[in-house]
Amino acid sequence: MMKRLMLRNSCWCGSGKKYGECHGRYDEAVALAKKQRRLVPGRKLLKTVEQLDGMRRSAAVNIAVLDYVAENIAEGITTGDIDRMVYEKTTQMHGIPAPLNYEGFPKSVCVSVNNEVCHGIPSDKRVLKDGDIVNVDCSTILDGYFSDSSRMFCIGNVSEENRLLVERTKECVEKGLEQVRPLGFLGDVGQAVNDCARSYGYSVVREIGGHGIGLKFHEDPWVSFVTRKNTGMLLLPGLVFTIEPMVNLGKSRIFTDRKNGWTVYTGDGKPSAQWEYMVLVTDTGYEVMSY
Ligand code: MF3
Ligand code: CO
């Protein structure tokens, strides 16, 4: 009797549907997963319709900022110029660049060139030159809602080897994306990404990965791209996380800049690429919220 009533109540997520026809449909699978001691996202990680709406508005700013960078990035500009573009465009649209002062990060965006794996700090001294491959990683706060995505840019004539690294890394992200569905597992995403990268002879960074996002910049779950399918957190509608593998042309070893404490480099000095999509698990599969 109790259960019947709950199933007929409107779902907590705000969809307007009955619980039994919305998130309640996953109750049995969740109970089973818990019994199997699997990781299951708690209610706090599953976003309501209202929260998703706020996150989509934040993501719209983030996408616009990256589009703006895409239009203006060119040989001869500095990574400091990119930082100013991001700050200007984000604040014009009433957003706040999430990286700025985040755990002491000094700029509005991460810009990582060639052998820089991630967390490159924009500088007026770093001039983009012909042949560079550049990751621009943008994150926005709008009305308290976070969004996060990154893209690669090729400057001028990029070597075939590096161009392929950039294109195939995006393909890896899309292979991961195809695994996102309710009652799938986070490990399915990681394995798909990793299999794709390794099929090209590339390696995937182990120490840094994706993350849940929404009400904070970094929420659970941590998203590794060196996982096995059928492991890790159960995916349920309303869970939002990033797919953002760092794919290295050479070995997977990395190290962090000792002077600035942020910038991560490949151990072997070879280039690294990264694309980041912010993804929502939906009733039927996924929605890319930011790219
Ligand atoms: N945007 C990065 C991510 O994808 C986080 C950068 S933290 C910063 O998770 F402080 F460097 F901005
Ligand atoms: Co991220």
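Ligands are counted one by one from 1 in listed order, and the atoms in each one are counted from 1 as well. What you are looking at is a predicted structure, and each value in this text was computed from that prediction instead of being measured.
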Q: I'd like to know if Lys44 pairs up with Asp220 as an ion pair, taking the criterion as any Lys NZ or Arg NE/NH1/NH2 lying under 4.0 Å from an Asp or Glu carboxylate oxygen.
A: no
Q: Please write down residue, atom name and distance for the protein heavy atom closest to atom 2 (C) of ligand 1.
A: Asp137 OD2, 3.4 Å
Q: Look at His211 and state whether any of its N, O or S atoms is less than 2.8 Å from the Co ion (ligand 2).
A: yes
Q: Under a 4.0 Å heavy-atom limit, does Asp148 contact ligand 1 with its side chain, its backbone, both, or neither?
A: side chain
Q: Using 4.0 Å as the upper bound for N to carboxylate O, is an ion pair formed by Glu276 and Lys170?
A: no
Q: Quick check on ring pair (Phe, Tyr, Trp, His ring centres under 6.0 Å): which of Phe146, Trp262, Phe217 does Tyr102 satisfy it with?
A: Phe217
Q: Given that the side chain starts at C-beta and the backbone is N, CA, C, O, which of these parts of Ser139 lies under 4.0 Å from ligand 1, counting heavy atoms, or is it both or neither?
A: side chain
Q: Side-chain contact, heavy-atom cut-off 4.5 Å: Asn248 with Ile254?
A: yes
Q: Quick one: does Glu244 get within less than 4.0 Å of ligand 1, heavy atoms only?
A: yes
Q: Which atom, counting only N, O or S, brings Glu276 closest to the Co ion (ligand 2)?
A: OE2
Q: Taking CD in Glu161 as the centre, count heavy atoms belonging to other residues, nucleotides or ligands within less than 6.0 Å. Is the count above 12?
A: no
Q: Please check if the number of heavy atoms outside Asp130 that lie under 6.0 Å from its CG is greater than 12.
A: yes
Q: So what does the Glu244 OE2 - the Co ion (ligand 2) - Asp148 OD2 angle come to, to 10°?
A: 160°
Q: Give the residue and atom name of whichever protein heavy atom lies nearest to atom 9 (O) of ligand 1, and the separation in Å to one decimal.
A: His218 NE2, 2.9 Å
